[in-house]
Participant: 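Next up is a structure, given as structure tokens.
Below, all heavy atoms of this structure are taken into account, side chains as well, without hydrogens, waters or symmetry copies. Lettering follows sequence order; numbering is per chain, from 1.
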Amino acid sequence: MTTNDFHPTAAPVARLIEEFHKLPGIGPKSAQRLTYHLVRMPAEEARALAEAILAVKERIILCSQCQNLTEVDPCPICTDPSRDRTILCVLEEPLDVLALERTHCYQGLYHVLHGAISPINGIGVEELKIREILERLRDGVVQEVVMATNPNLEGEATAMYIQRLVSPLVKRVTRLARGLPVGGDLEYADLMTLTRALQGRQEF
Amino acid sequence: MPRVRIYNTEAIVLRASPLGEADRLLTLLTPGIGKLQATVRGVRKTTSKLGGHLDILTRSSLTLAKGRSLDTITGAEAQETFPLVKGNLEKLSRAIYLTDLVDSLCPLEAPNPPVYTLFLDGLRALGIEADSDLLLRYMELQLLSLSGFLPELQRCAECHGQLAPSQHLWSPIAGGVVCPACSASRPGATNLSLNALKVIRFLSTATVSSATMVRVNGPLHRELAAIMDTYLRYTLEREMRSAAFLRSVSHARAYAGSRPSENESGVPAGH
């Protein structure tokens with residue numbers, strides 16, 4: 001072995017740094033910090049983390065109805081008898097379900113697309129769970145589809161595309177209102193947001 | 001000369017991908033620097049001051065700070081948001097296709113001001129044009145021309161001989177129109193009608209306004225779309241995903257059995 005082959009970090013440590021570095025938002029420095037934190041961690045805590053990671057990969061599946069991540073199929077939201085089955089909210093990501101559930105204002109069902117149409121980034125119609133929505137609407141129970149994709153170009157394109165497909169099958173297709181965010185500042189609002197906030201103003 | 005750390009430019013956002021907790025990596029088209037990648041911090045939070053000014057297909061005035069590898073956008077104000085394009089699925093899918101084409105044909109940081117002007121004119125025309133298929137062909141030919149890939153349309157691309165009327169074929173491998181004698185040595189050459197050749201010759205030298213005044217029938221539209229598709233596939237060495245999305249949109253139109261309307265964003269009145 002020549003001196004050029006010498007690495008200051010042991011191979012398992014270097015490997016873990018590399019694995020952390022692959023995660024979104026983790027740079028080389030963060031990867032090193034996390035790795036050395038794990039090295040110093042008690043063995044049982046490290047094992048618990050490793051098991052939690054494996055459990056996510058081995059036990060989590062997609063709900064055959066709403067396509068959300070779940071341990072049991074159908075998921076607890078889809079089987080909950082108190083939920084309103086006539087209204088279906090279409091979302092981009094599983095995290096959006098959590099965001100909507102936190103409002104405690106929505107009692108209907110969900111449908112997770114797992115992304116938004118973004119041909120430039122290689123995501124087309126086929127990559128999303130769009131066909132599954134049409135299958136869910138076939139029995140005629142759902143009366144309203146709420147498009148809750150993100151208010152950006154890709155979210156709008158997705159909403160418009162799905163609206164076109166589902167409108168012959170349901171009574172109403174609605175879109176989440178767009179306007180000023182709580183805690184925002186009027187003077188910084190962009191033209192689109194302000195225009196829509198004005199158009200959607202409500203009786204005080 | 002000291003290195004300038006803060007600079008201003010105008011730009012159209014071509015592409016955006018999430019970065020870190022709430023940041024985005026944007027691909028921008030600028031008149032002076034060409035295509036550029038820049039980060040923008042915290043833009044995915046709902047209270048972000050910059051978010052609405054930096055959506056894809058928005059022309060904005062930007063302030064950027066030079067970084068070690070990527071520049072960071074520190075200020076943005078939207079100048080043009082193309083609402084006519086974004087409110088209609090047909091127009092939006094075409095605009096996404098044009099954006100993909102510009103992104104594919106422009107290398108990073110190679111200034112090409114005519115491409116910027118053309119892209120802007122194209123987006124504006126798309127907003128007001130009812131029949132935009134020919135506009136797409138015009139934009140394809142002009143973008144190819146400005147990036148040095150314009151197919152040969154006047155002479156045989158192989159032997160450079162004069163073309164006799166009605167005696168020409170289309171060969172992306174040869175780089176344009178070929179005469180029957182040369183087409184034998186070029187497998188994959190397809191028939192090209194005289195009308196199609198006349199239209200693409202015209203579009204390659206026309207202005208936006210004159211290009212959108214041409215009226216062609218359905219079969220000729222399809223022929224033009226097909227020959228440009230084969231040429232672009234050969235030049236870019238791949239099929240553009242946005243072309244597949246264009247097709248999905250027209251299939252969805254057939255599925256819904258409805259005619260495209262001007263505003264179909266699915267937004268109930270007043271929202």
Participant: Counting only non-hydrogen atoms closer than 4.5 Å, does A16(B) touch chain A with its backbone (N, CA, C, O), its side chain (CB onward), both, or neither?
Facilitator: backbone

Participant: Please give me the minimum heavy-atom distance between L153(A) and I56(B), naming the atom from each residue.
Facilitator: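 In this case the closest contact between L153(A) and I56(B) is CD1-O, 3.7 Å.
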
Participant: One thing to verify: whether E154(A) and R15(B) come together as a salt bridge, which I'm taking to mean a side-chain N less than 4.0 angstrom from a carboxylate O.
Facilitator: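 No.
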
Participant: Which answer fits D55(B), side chain, backbone, both or neither, if we ask what part of it has an atom under 4.5 Å from a heavy atom of chain A?
Facilitator: side chain

Participant: Heavy atom to heavy atom, less than 4.5 Å: which residues from residues 185-192 of chain A reach chain B?
Facilitator: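 Answer by number: Y188(A), A189(A), D190(A), L191(A), M192(A).
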
Participant: Could you measure the distance from the CG atom of L89(B) to the CD atom of Q163(A)? Nearest 0.5 Å is fine.
Facilitator: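 The CG atom of L89(B) sits 8.5 Å away from the CD atom of Q163(A).
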
Participant: With a 4.0 Å cut-off on N to O distance, would you call E127(A) and R241(B) a salt bridge?
Facilitator: yes

Participant: Heavy-atom count check: over 12 atoms from other residues, nucleotides or ligands less than 6.0 Å from R85(A) CZ?
Facilitator: yes

Participant: Return the minimal non-hydrogen interatomic distance between D100(B) and P119(A), and the atom names on each side.
Facilitator: OD2-O, 4.5 Å

Participant: Apply the test side-chain contact (heavy atoms from CB on, under 4.5 Å) to residues I120(A) and L14(B): give CA-CA distance (whole Å), side-chain angles for both, the deciding distance (0.1 Å), then the verdict.
Facilitator: CA-CA 9 Å; I120(A) 304 178; L14(B) 297 179; 5.9 Å; no

Participant: Using heavy-atom distances under 4.5 Å, tell me whether L92(B) contacts chain A through its side chain, its backbone, both, or neither.
Facilitator: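 L92(B) touches chain A through side-chain heavy atoms alone.
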
Participant: Which heavy-atom pair separates Y161(A) from S248(B) by the least distance, and what is that distance?
Facilitator: CE1-O, 3.6 Å

Participant: List the steps, then state whether side-chain contact (heavy atoms from CB on, under 4.5 Å) holds for R44(B) with N152(A).
Facilitator: CA-CA 10 Å; R44(B) 278 150 65 206; N152(A) 52 34; over 6 Å; no

